[in-house]
Asker: 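The structure's right below; bear with me while I get my questions together.
One-based numbering, in listed order, for ligands and for the atoms of each.
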Amino acid sequence: MEGKITWFNKIYIKSRELSGLALDSLFCFISFSAARMSLSLSFTHPILSRHVYSAVFPPPRFLFLSPHIPTTSRFPILYRAPQRATALSATAATASIFRDTAASASVFAGAYALVFTFDILTQKELIQQNLSRKLVHILSGLLFAISWPIFSNADEARYFASLVPLINCLRLVIHGLSLSDDQSLIKSVTREGNPKELLRGPLYYVAMLMLCALAFWRESPVGVICLANMCGGDGFADIIGRKYGSSKIPYNQSKSWVGSISMFVSGFIISIGMLYYYSALGYLQLDWGYTMHRVALISLVATVVESLPITMLIDDNISGPLASMLAAYLTFGQ
Ligand SMILES: C/C(=C\COP(=O)(O)O)CCC[C@H](C)CCC[C@H](C)CCCC(C)C
Ligand SMILES: Nc1ccn([C@@H]2O[C@H](COP(=O)(O)OP(=O)(O)O)[C@@H](O)[C@H]2O)c(=O)n1
């Protein structure tokens, strides 16, 4: 089946060189119909370097072999992926800059609001300080990754988005060195209220957000999977492991089986959720059969690395994300 399909796509590509839109549409329609009729058609074609869809999760409404022409999304605030390299006119470029500046400001305001909200909840003793910090850990990175589609389709959009973690890195350094005092930040983000704590876990965490936005952005599954495991997986490992983790891991008495299992399950579920979000907006074309297996492997790698007794050598906000990034890059190849 796979060999025949490879020949089919070679014919399709040749026909695209020789014919016009008519044959192009015909082949795409036939390919699309064949793909949807199969139970789990999945192949990667070296020329196309694409994964086609399984019929289980029908692809978003666009031609799965050809890039999709941007259309107005069901959610006008979110941009669908640009499917053909369209030269941006000067007007469009200016509009993109305004759009991305506004998006950066909004996301930055969201970051402030998130930390301020949990500070108030902690001050009013509505939630414990440890839980507050972990919820900030879980929500900050995931909401940051979820916000990426509000930026424009311009190539520079990722740099505007990365301004937010960059400014937060500066904020953490300034307050971590006690050059200025921000008790709201210190209480929401540190364990014992020591400003110097800002220079370790939180700083590495925000640096990873910036790295994922710059290096992978919306067009690669690697960044969102990495953040799903660092933010969601590690966050729930702490919350559930701290509460129910009586049975410790033999090689690391500060970590528990329940905590690690929680990390694996939440990292996997949140990764799939993020990938489906980006797939639904047209940024990713995934075969869900293979994707599920790959994501499970990546979450397992992240969980094992997080369980290792190496925190004194390297913070788990560095080791975990880097391990996830490497595993995701090797399995997804992009
Ligand atoms: C508590 C945090 C990290 C500590 O991790 P660990 O030591 O417990 O392993 C998270 C620190 C978050 C930071 C202060 C704020 C980051 C904001 C982010 C760049 C943008 C979020 C935007 C979104 C729309 C809320
Ligand atoms: N795999 C894990 C991870 C954390 N935990 C629990 O969560 C607490 C904090 O975990 P951690 O040291 O990784 O915290 P962070 O470095 O992520 O802030 C641990 O002391 C454990 O009680 C667990 O039981 N199992």
Asker: How far is atom 10 (O) of ligand 2 from its nearest protein heavy atom, and which residue and atom is that?
Answerer: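 Sorting protein heavy atoms by distance from atom 10 (O) of ligand 2 puts Asp238 OD2, 3.8 Å first.
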Asker: Any heavy-atom pair between the side chains of Leu172 and Leu199 that's under 4.5 Å?
Answerer: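 Heavy-atom side-chain distance check fails, nothing below 4.5 Å.
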Asker: Indicate yes or no: at least one non-hydrogen side-chain atom of Met208 is less than 4.5 angstrom from one of Met325.
Answerer: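 Counting from C-beta outward, Met208 and Met325 do come under 4.5 Å.
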Asker: Would you call Ser307 a ligand 2 contact, heavy-atom distance under 4.0 Å?
Answerer: no
Asker: Gly201 near ligand 2, heavy-atom distance under 4.0 Å?
Answerer: no
Asker: To which protein heavy atom is atom 13 (C) of ligand 1 closest, and what is the distance rounded to 0.1 Å?
Answerer: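 Here the nearest protein heavy atom works out to Val206 CG2, 3.8 Å.
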Asker: With atoms numbered from 1 as shown, which atoms in ligand 2 lie under 4.0 angstrom from a non-hydrogen atom of Asp234?
Answerer: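 Once the distances to Asp234 are compared, the set is 17 (O).
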Asker: What protein heavy atom sits nearest atom 5 (O) of ligand 1, and how far away is it?
Answerer: His137 ND1, 3.0 Å
Asker: Determine whether the side chains of Ser324 and Asn229 contain a donor N or O and an acceptor N or O closer than 3.5 Å.
Answerer: no
Asker: Check ligand 2 against Ser260 and write out every atom of the ligand that is under 4.0 Å from a heavy-atom position of the residue.
Answerer: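 Heavy-atom distances to Ser260 below 4.0 Å select 1 (N).
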Asker: What protein heavy atom sits nearest atom 11 (P) of ligand 2, and how far away is it?
Answerer: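 Looking at atom 11 (P) of ligand 2, the protein heavy atom closest to it is Lys255 CE, 4.1 Å.
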Asker: Which one of Met230, Arg133, Arg200, Arg171 has a non-hydrogen atom at the shortest distance from atom 8 (O) of ligand 1?
Answerer: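 The nearest heavy atom belongs to Arg133.
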Asker: Which option wins on minimum heavy-atom distance to atom 4 (C) of ligand 2: Ser256, Ala237, Gly241?
Answerer: Ala237
Asker: For a 4.5 angstrom cut-off between non-hydrogen side-chain atoms, does Leu209 reach Met230?
Answerer: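 Side chain of Leu209 against side chain of Met230, heavy atoms only: contact under 4.5 Å found.
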Asker: Closest non-hydrogen protein atom to atom 3 (C) of ligand 1, residue and atom name please, with distance?
Answerer: Pro202 CA, 3.7 Å
Asker: Please identify which atoms of ligand 2 are closer than 4.0 Å to at least one heavy atom of Lys134.
Answerer: 15 (P), 17 (O), 18 (O)
Asker: Other residues, nucleotides and ligands only: do more than 12 of their heavy atoms fall within 6.0 Å of CD on Gln128?
Answerer: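 Count not over threshold, so no.
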Asker: Looking at every heavy atom in both Val189 and Arg133, which two are closest together, and how far apart are they?
Answerer: O-CD, 2.9 Å
Asker: Could you tell me the residue and atom name of the protein heavy atom closest to atom 23 (C) of ligand 1, and the distance to it rounded to 0.1 Å?
Answerer: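 The closest heavy atom on the protein side is Leu143 CB, 3.7 Å.
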Asker: So which heavy atom in the protein is nearest atom 22 (O) of ligand 2, and how far is it from that ligand atom?
Answerer: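 The protein heavy atom lying closest is Arg242 CA, 3.6 Å.
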Asker: Return the option from Gly201, Ser106, Ala111 holding the heavy atom at the smallest distance from atom 17 (C) of ligand 1.
Answerer: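 Minimum heavy-atom distance to atom 17 (C) of ligand 1 goes to Ala111.
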Asker: Could an N or O of ligand 1 be found under 3.5 Å from any N or O of Tyr205, whether backbone or side chain?
Answerer: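 It does not: no N or O of Tyr205 is found under 3.5 Å from an N or O of ligand 1.
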Asker: Which bit of Arg191 gets closer than 4.0 Å to ligand 2, counting heavy atoms only: side chain, backbone, both or neither?
Answerer: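 The side chain, only.
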Asker: If you measure from each non-hydrogen atom of Leu209 to ligand 1, which part falls under 4.0 Å: side chain, backbone, both or neither?
Answerer: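 Leu209 to ligand 1: side-chain contact only, backbone stays beyond 4.0 Å.
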Asker: Run the contact test for Gly245 against ligand 2 with a 4.0 Å cut-off on heavy atoms, strictly below, and give the result.
Answerer: no
Asker: Is it true that the side chains of Ser307 and Asn252 contain a donor and an acceptor less than 3.5 Å apart?
Answerer: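 The answer is no; no qualifying pair exists.
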Asker: Taking only heavy atoms of Ser254, which atoms of ligand 2 are found under 4.0 Å from at least one of them?
Answerer: 19 (C), 20 (O), 21 (C)
Asker: Taking the six-membered ring for Trp, are Phe144 and Trp148 parallel (under 30°), tilted (30 to 60°) or perpendicular (over 60°)?
Answerer: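 Because their plane-to-plane angle is over 60°, the rings of Phe144 and Trp148 count as perpendicular.
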Asker: Tell me whether Glu306 reaches ligand 2 (any heavy atom closer than 4.0 angstrom to a ligand atom).
Answerer: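 Contact present.
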Asker: Which protein heavy atom lies closest to atom 12 (C) of ligand 1, and at what distance to 0.1 Å?
Answerer: Ser140 OG, 3.7 Å
Asker: I'd like to check which ligand 2 atoms, numbered from 1 as shown, lie under 4.0 Å from a non-hydrogen atom of Arg133.
Answerer: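 By the 4.0 Å cutoff, the relevant atoms are 18 (O).
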Asker: Would you mind listing which atoms of ligand 2 come within a distance below 4.0 Å of any non-hydrogen atom of Asp316?
Answerer: 13 (O), 16 (O), 17 (O)
Asker: Using the benzene-type ring in the case of Trp, are the ring centres of Tyr276 and Trp288 under 6.0 Å apart?
Answerer: yes
Asker: Run the salt-bridge test on Lys187 and Asp119 with the 4.0 Å N-O cut-off and return the result as yes or no.
Answerer: no
Asker: Does Asn317 approach ligand 2 within less than 4.0 angstrom via side chain, backbone, both or neither, non-hydrogen atoms only?
Answerer: neither
Asker: Using 30° and 60° as the class boundaries, would you call the ring planes of Trp217 and Phe151 parallel, tilted or perpendicular?
Answerer: perpendicular
Asker: Mind checking whether Asn317 has an N or O less than 3.5 Å away from an N or O of ligand 1?
Answerer: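 N/O-N/O distance below 3.5 Å exists for this pair.
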Asker: Suppose we measure from atom 15 (C) of ligand 1 to each protein heavy atom; which comes out shortest, and what is that distance?
Answerer: Asn168 OD1, 3.9 Å
Asker: Grab the two heavy atoms, one from Ser262 and one from Phe236, that are nearest each other, plus how far apart they are.
Answerer: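 Looks like CB-O, 4.1 Å.
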Asker: Around atom CD of Gln253, are there more than 12 heavy atoms of other residues, nucleotides or ligands at under 6.0 Å?
Answerer: yes
